[in-house]
Amino acid sequence: MSFRIYNTLTRSVQEFTSLEPGHVRMYTCGPTVYNIAHIGNFRAYVFEDLLRRWLQFKGWRVTQVMNLTDVDDKTIHGSREAGVSLADFTAPFKKAFFEDLRALNIEPAEYYPAATDHIPEMIELISRLMEGGHAYQSEDGSVYFSIDSWPSYGKLARLDRAGMRSGVRIHSDEYDKENVADFALWKAWDEKDGDVAWDSPWGRGRPGWHIECSAMSQKYLGASFDIHTGGVDNIFPHHEDEIAQSEAANGQPLAAFWIHCAHLMVDGQKMSKSRGNFYTLRDVLAKGYTGREVRYELIATHYRAALNFTMASLDAARVSLRRIDEFTERCKAAAGDVAAGDLPVWAQQAAQRFEAAMDDDLNVSAALATLFDTIREGNSALDAKKLTDAEAAALLALFRKWDTALGVLEKPAATVPPEIQALLEQRQAARAAKDWAQSDALRAAMAAQGWLVKDTPKGQVVSPA
RNA sequence: GGCGCGGUAGCCAAGUGGUAAGGCGAGGGUCUGCAAAAUCCUUAUACAUCGGUUCGAUCCCGAUCCGCGCCUCCA
């Protein structure tokens, strides 16, 4: 079965093939490290992780690059306001970003280049654009890309260039530019930039926003690579501008597939910093939810559909995950140390349906439906004692395989503190003596400390409440 | 205004030219010292509106209404 995915460039679902056999090169636009990313941002990173994992599931080796934008208006403004250097200002946000990635079980990319480490590469690229007549320096010293020099400008966003020009000119007071839609490659130093500046052939200044992605993708992935991703809000202008810069400089297509995920919504509106309607992952964890639950919610809706974020859906995610956990634990108990045998026929069919669903533009909802069908079938078979131990082991293996793609099925092991362990042992003794009053008291004591005790045929099970 | 996306049962959410997955919720059974959890079964005459094409449309076409996004920094 082949993997098909929606390409913004062609506005259609296309069969995915890699330029280089067996190897996918993927560039994913990363965070601007001027504050803590919110979970709307993380929807994109979780989506990209799912895409990466599915490519691997299908047998490709993946080289993924995610940039860290650590120099722009916001980072400079923030550092000056805080009275610290740019590097000192962004460092804690970089650290927090990686912590959040781990909490969401996002696989690390191969490269996380920071913009400030690649200024020479950007200058080199801008120089080539200047030489090729695609860029010019304005009176204030800034360098702009000339969209009039690049006829295919607008091909990703499908812009009407004629309409765009006449519409925007009225509102523009940037007379330095030849065309108001021209965008900055290099921004001349300004008082507001403080000590943030680099020398360049065009004087001191700093790079424009888009040039970093062009320079860094080329350095780590080559002039042409397979996949470029981001949120739909990056289609224009960011990705459009990247295409113009890179393709004008290199004369070859930047990326074959442009894949964009839809927004995370809150109360029917896009979650965003500027609207103030956002939650950080930390906010949600502080409410007692886990990174795994957040990942489940973010993953369960198709990546091209807007997803309305609510605590109620996190609760639903929690219950759904518990159902998955109960099933895998039942299978583990049944399988013991038995080697995995063949899957029951219904599970073989489920495996095919799962893969077909994911192959179809990452249809996770359909894949999860298959997974829950499998759980119901499996539970019924276990109830009826119709599942062999070897089949239970095979089902576990199937779930593990599915989880290489989903990254959400495996339950993180909770470490039980010694004092709770001691209470458990006391309670077990009380129960053996049928001292129910004592048993209930101990259960209450553990509940007070945040541990939920369940009595199962195999004994007590504790979990964090 | 330009470009684009969406409106499926109480909520979330797939999907298809021949009367519609799955999850949550709800009801019932089983299990259980109790509890919690789990599990099985059941559940709702759900496809925005109006036309058109068709033997037949929720799925195709057109119009309308509503919601959302991008067009400026934005995942």
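Throughout, a chain's letter reflects where its sequence line sits, starting with A, and its residues are numbered from 1. Note that these values count all heavy atoms, side chains included, but never hydrogens, waters or copies made by symmetry. Owing to the predicted nature of the structure, the values given are computational and were not obtained by experimental measurement.
A/Tyr303 contributes atom OH, which lies 10.5 Å from atom OG1 of A/Thr229 (distance to the nearest 0.5 angstrom).
In this structure, A/Asn379 reaches the sugar-phosphate backbone alone: every heavy-atom distance under 4.0 Å involves primed, P, OP1 or OP2 atoms, never a base. When heavy atoms are screened at a 4.0 angstrom cut-off, A/Gly230 is found touching the sugar-phosphate backbone but no base atom. Among the heavy atoms of the strands, none lies under 4.0 Å from A/Val461. Among the heavy atoms of the strands lying under 4.0 Å from A/Tyr45 are primed sugar atoms or P, OP1, OP2 only; no base atom is included. When heavy atoms are screened at a 4.0 angstrom cut-off, A/Arg322 is found touching the sugar-phosphate backbone but no base atom. Residue contacts for A/Met265: at a heavy-atom cut-off of 4.0 Å it reaches the sugar-phosphate backbone alone, with no base atom in range. Among the protein residues, A/Ser313 comes within range of no part of the nucleic acid, since none of its heavy atoms lies under 4.0 Å from any strand. When heavy atoms are screened at a 4.0 angstrom cut-off, A/Glu48 is found touching no nucleic acid atom at all. In this structure, A/Ser274 reaches neither bases nor backbone, as no heavy-atom distance under 4.0 Å exists between it and the strands shown. In this structure, A/Lys434 reaches neither bases nor backbone, as no heavy-atom distance under 4.0 Å exists between it and the strands shown. If you check every strand for non-hydrogen atoms under 4.0 Å, A/His238 touches nothing.
In this structure, CG of A/Asn308 is placed 14 Å from P of B/G7, rounded to the nearest angstrom. Rounded to whole Å, the distance from NE2 on A/His302 to P on B/A13 is 13 Å. For the pair A/Arg304 CZ and B/G69 C1', the computed distance is 15 Å after rounding to whole Å. Spacing between atom CZ of A/Arg330 and atom P of B/A38 amounts to 13 Å, rounded to whole angstrom units. We find that CE of A/Met271 is positioned 13 Å from P of B/G69, with the value rounded to whole Å. Straight-line distance from the CD1 atom of A/Ile375 to the P atom of B/A38: 12 Å, rounded to whole Å. Between the CH2 atom of A/Trp258 and the C1' atom of B/C70 there is a distance of 16 Å, rounded to whole Å. Across the protein-nucleic acid pair, A/Leu362 atom CG and B/A13 atom C1' stand 16 Å apart, rounded to whole Å.
Within the structure, every side-chain polar atom (N or O) of A/Asn363 is placed at least 4.0 Å from both OP1 and OP2 of B/A14. In terms of phosphate contacts, A/Lys270 brings a side-chain nitrogen or oxygen within less than 4.0 Å of OP1 or OP2 of B/C70. Look at A/Arg275 and you'll find a side-chain N or O under 4.0 angstrom from OP1 or OP2 of B/G69.
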**OP:** Let me have a per-nucleotide readout for nucleotides 18-27 of chain B, 5' to 3', with B, S or -, counting only protein heavy atoms under 4.0 Å.
**Re:** ---BSSS---
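Across B/G2 and B/A13, the matching C1' atoms stand 32 Å from one another, rounded to whole Å. Taking the C1' atom of each, B/G29 and B/G15 are spaced 32 Å apart, rounded to whole Å. Distance check on atom P: B/G6 versus B/U45 gives 29 Å, rounded to whole Å. When the P atom is compared between B/U19 and B/A36, the two are found 43 Å apart, to the nearest whole Å. When the P atom is compared between B/U43 and B/A21, the two are found 12 Å apart, to the nearest whole Å. Separation of the C1' atoms belonging to B/C34 and B/C12 is 35 Å when rounded to the nearest angstrom. B/G33 and B/U16 have their P atoms separated by 49 Å, with the value rounded to a whole Å. Spacing of P atoms, B/A14 relative to B/C50, comes out at 25 Å, to the nearest Å.
For A/Lys74, there are no salt bridge (charged side-chain N to carboxylate O under 4.0 Å, His left out) partners two or more places apart in sequence or in a different chain. Applying the salt bridge (charged side-chain N to carboxylate O under 4.0 Å, His left out) test to A/Asp360 and every residue at least two apart in sequence or in another chain returns nothing. Looking at residues two or more places apart in sequence or on another chain, you find a side chain to side chain contact (heavy atoms under 4.5 Å, CB included) between A/Glu110 and A/Arg52, A/Thr63, A/Gln64. Looking at residues two or more places apart in sequence or on another chain, you find a side chain to side chain contact (heavy atoms under 4.5 Å, CB included) between A/Ala197 and A/Trp189, A/Arg204.
Aromatic ring pairs are classed by plane angle as parallel below 30°, tilted from 30° to 60° and perpendicular above 60°; the pair A/His239 and A/Trp258 is tilted. Between A/Phe183 and A/Tyr153, the angle of the ring planes stays under 30°, which puts this pair in the parallel group of the 30/60° scheme. Ring geometry for A/Phe42 versus A/Tyr45: interplanar angle over 60°, hence perpendicular rather than tilted (30 to 60°).
The A/Glu326 side chain lies nearest to B/A37 when the options are B/G33, B/C73, B/A37. Comparing B/A14, B/U39, B/G33 against the side chain of A/Arg427 picks out B/G33 as the nearest.
Both A/Trp436 and A/Ile39 lie near RNA chain B, and the one whose nearest nucleotide falls closer to the 5' end is A/Trp436. Position along RNA chain B of the nearest nucleotide to A/Gly268 versus A/Leu307 favours A/Leu307 as the more 5'-ward residue.
Proximity of a side-chain donor or acceptor of A/Asp403 to a complementary backbone N or O of A/Val408 within less than 3.5 Å is detected. A donor-acceptor contact shorter than 3.5 Å links the side chain of A/Arg43 to the backbone of A/His263.
In terms of polar N and O atoms assigned as donor or acceptor, the side chain of A/Asp455 comes within less than 3.5 Å of the base of B/C34 in a complementary pairing. Scanning atom types as modelled, no donor and acceptor separated by under 3.5 angstrom connect the side chain of A/Arg158 and the base of B/G4.
Salt bridge A/Lys192/A/Asp73: absent, no basic N to carboxylate O contact under 4.0 Å.
Ring to ring, A/Tyr6 and A/Phe257 are not that close: their centroids are 6.0 angstrom or more apart.
In RNA chain B, consecutive stretches of 3 or more Watson-Crick or G-U wobble pairs with both distances under 3.5 Å are given as paired ranges: B:1-7 with B:65-71, B:10-12 with B:22-24, B:25-30 with B:38-43, B:48-52 with B:60-64.
For the pair A/Arg323 and A/Phe372, the cation-pi criterion (under 6.0 Å, within 45° of the ring axis) is not fulfilled.
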